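Okay, structure first, notes after.
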Amino acid sequence: PGQAGPVRAAHADFEREVSPMAGMLYLVPTPIGNLGDISPRCAETLAQADFIAAEDTRVSRKLLNHLGLKKPMVSYYRHNTQAGGQAVLERLLAGESCALVTDAGTPAVSDPGEELVALCARAGVEVVALPGPCALITALAVSGLPTGRFTFEGFLAMNKKNRRAHLAALRDEERTMIFYEAPHKLRATLADLLEQFGPERRLTLCRELTKLHEEVRRTTLGAAAEFYETNPPRGEFVLVLEGAQPCRAVEVPMEQGVALVCALRASGLSLRDAVRQAAQQTGLPKNELYERAIGT
């Protein structure tokens, strides 16, 4: 970590000169359960930053004690993003460097740090993201479900109507879906997932990842809902849900395509135009349709 030289922000939406006088905001991922997962680079960044912006200073202090560090901290959490973010920005513009940490995982991912990053980008303060622990990637990797394409949906709404509307919009989603969920909401969420996606949809529930009581349960929505009816959920959950099966196009017989060409010609279209339109409507190959239609 150190003072940033004058550079230009990469994203077109924030294309402006980064102030050579400004400090730097570091996004420092913190362990999601096992303190041993903190990387040497993350520990070094925490040690060298002028101050730390933390979601909960009490939680972050445990990590600093583990690392043998004493650093000035400020609170930055969901309910003070405006005032807290502005206070952090003013110190950055004055030349200080800040390490942003959340209670667990990567800052700005399902986290109010997203707003601080946007604020810094608009003000021309350089932001550096360090790689490290992230619950959604850990859960996806161990889920046994397809990982090539996925969508992260974060925490679902507390409001039942909003939660169901969110899930209804995902009904035809073919990518693997990832959700965060608290134990006291898990049963209601499973009931809503079951209603939208059916009992046979595959689901992996990852509980207390990297912690002493870590559990990975690969099952179906129906079996999961039944299990947690009699087993009280405990700990934080990441839900990894199988995507919908791709819709298969219905194959139209060639005879039906030729009949459509004949009908279109009878309505006044030329053979070429009738074949083109029939091919668009049926998905049949245009050349073969033309050859077959010539003899009719």
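Quantities reported herein were computed from a predicted structural model and do not represent experimental measurements.
The environment of Glu114 atom CD is sparse: at most 12 non-hydrogen atoms of other residues, nucleotides or ligands sit within 6.0 angstrom. Gln196 CD: more than 12 foreign heavy atoms inside a 6.0 Å radius. Residue Asp172 qualifies as open at atom CG: its count of foreign heavy atoms under 6.0 Å is 12 or below. Other residues, nucleotides and ligands contribute only 12 or fewer heavy atoms inside 6.0 Å of the CG atom of Asn287.
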Would you list the atom pairs, donor with acceptor, under 3.5 Å between side chains in residues 137-152 and any protein atom, with sequence neighbours excluded?
residue: Thr138; atom: OG1; partner: Cys134; partner atom: O; Å: 3.0
residue: Ser143; atom: OG; partner: Leu140; partner atom: O; Å: 2.9
residue: Ser143; atom: OG; partner: Leu145; partner atom: N; Å: 3.1
residue: Thr151; atom: OG1; partner: Glu153; partner atom: OE2; Å: 2.6

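Looking only at side-chain heavy atoms (C-beta outward), Arg234 and Pro183 stay at 4.5 Å or farther from each other. You'll find the side chain of Leu130 reaches within 4.5 Å of the side chain of Arg41, heavy atoms only. The shortest distance between side-chain heavy atoms of Lys62 and Arg58 does not fall below 4.5 Å. Counting heavy atoms from C-beta outward, Leu289 and Val258 have side chains that approach closer than 4.5 Å. Residues Val127 and Leu27 are in side-chain contact: their nearest non-hydrogen atoms beyond the backbone lie under 4.5 Å apart.
Looking only at distances, a side-chain donor or acceptor of Thr210 sits under 3.5 Å from a matching main-chain atom of Asn34. With Lys71 contributing its side chain and Asp50 its backbone, the two residues share no donor-acceptor pair below 3.5 Å. At least one donor-acceptor pair under 3.5 Å links the side chain of Asn65 to the backbone N or O of Arg61. Between the Ser60 side chain and the Thr57 main chain, no donor and acceptor come within less than 3.5 Å of each other.
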* To do: Could you walk me through whether Gln277 and Gln281 pass the side-chain contact (heavy atoms from CB on, under 4.5 Å) test, one step at a time?
  => CA-CA 6 Å; Gln277 188 168 325; Gln281 292 182 27; 3.2 Å; yes
* After noting the C-alpha distance and the side-chain angles of Val128 and Met24, does the key distance pass the side-chain contact (heavy atoms from CB on, under 4.5 Å) rule? -> CA-CA 7 Å; Val128 174; Met24 193 178 297; 3.3 Å; yes
* List the steps, then state whether side-chain contact (heavy atoms from CB on, under 4.5 Å) holds for Thr102 with Asp56. => CA-CA 7 Å; Thr102 184; Asp56 187 329; over 6 Å; no
* Start with the C-alpha gap between Ile52 and Val101, add the side-chain angles, then the distance that decides, and say whether side-chain contact (heavy atoms from CB on, under 4.5 Å) holds. => CA-CA 7 Å; Ile52 295 172; Val101 297; 3.8 Å; yes
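In the hydrophobic clustering of this structure, Leu35 does not group with Ile32; members are Ile, Leu, Val, Met, Phe, Trp, Tyr whose side-chain heavy atoms approach within less than 4.5 Å, directly or through other members. Following chains of ILVMFWY side-chain contacts shorter than 4.5 Å, one cannot reach Tyr77 starting from Val59, and the two form parts of different hydrophobic clusters. Ile294 and Val261 end up in the same hydrophobic cluster when Ile, Leu, Val, Met, Phe, Trp and Tyr side chains are linked at under 4.5 Å. Grouping the Ile, Leu, Val, Met, Phe, Trp and Tyr side chains by contacts below 4.5 angstrom, directly or via other members, places Val275 with Leu284. Linking ILVMFWY residues whenever their side-chain heavy atoms come closer than 4.5 Å, directly or via other members, leaves Val109 and Leu119 in distinct clusters.
Here the closest heavy-atom approach between residue Leu264 and residue Ser267 is recorded as O-OG, 2.6 Å. Residues Phe155 and Ala182 share a closest heavy-atom pair of CE2-N, 4.3 Å. Of all the heavy atoms in Ile38 and Ala43, the pair that sits closest is CG1-N, 4.3 Å. Contact between Pro29 and Thr106 at its shortest, heavy atoms only, is CB-OG1, 3.9 Å. For the pair Ala135 and Tyr180, the tightest heavy-atom approach, listed with the atom from each and the gap, is CB-OH, 3.7 Å. Summarising the geometry of Leu271 relative to Ala293, their closest heavy-atom pair is CD1-CB, 4.0 Å, with the distance given to 0.1 Å.
Salt bridge status for Arg171 with Glu173: absent, with no side-chain N to carboxylate O gap under 4.0 Å.
A search for salt bridge (charged side-chain N to carboxylate O under 4.0 Å, His left out) contacts involving Glu208 returns Lys211, not counting sequence neighbours. Glu55 is linked by a salt bridge (charged side-chain N to carboxylate O under 4.0 Å, His left out) to nothing, counting only residues two or more places apart in sequence or in another chain.
Atoms CG and OG, from Leu25 and Ser97 in turn, are 9.5 Å apart once rounded to the nearest 0.5 Å. A distance of 8.0 Å separates CD in Gln245 from CZ in Arg201, rounded to the nearest 0.5 Å. Here Tyr26 contributes atom OH and Cys42 contributes atom SG; the two are 12.0 Å apart, rounded to the nearest 0.5 Å. The SG atom of Cys120 sits 8.0 Å away from atom CG of Leu93, with the distance rounded to the nearest 0.5 Å. Considering OG1 of Thr45 and CG of Leu100, their distance stands at 12.5 Å, rounded to 0.5 Å. Atom CE of Met73 sits about 5.0 Å away from atom CG of Leu64, to the nearest 0.5 Å.
Screening residues 184-196 for salt bridge (Lys or Arg N to Asp or Glu O under 4.0 Å) gives Arg163-Asp192, Arg164-Asp192, Arg164-Glu195, Glu181-Lys185 as the qualifying pairs, with residues at least two apart or on separate chains. Listed by first and then second residue, the side-chain hydrogen bond (donor to acceptor under 3.5 Å, both in side chains) pairs that reach into residues 80-91 are Thr81-Glu115, Arg91-Glu96, sequence neighbours excluded.
Results of the salt bridge (Lys or Arg N to Asp or Glu O under 4.0 Å) test with Arg207 over Glu236, Glu214, Glu215 single out Glu215 as the only residue that passes.
Here Leu167 sits in one hydrophobic cluster together with Leu156, Leu170, Met177, Phe179, Leu186, Leu190, Leu193, Leu194, Phe197, Leu203, Leu205, Leu221, Phe227, Tyr228, Phe237, Leu239, Leu241; the rule is ILVMFWY side chains under 4.5 Å apart, joined directly or through other members.
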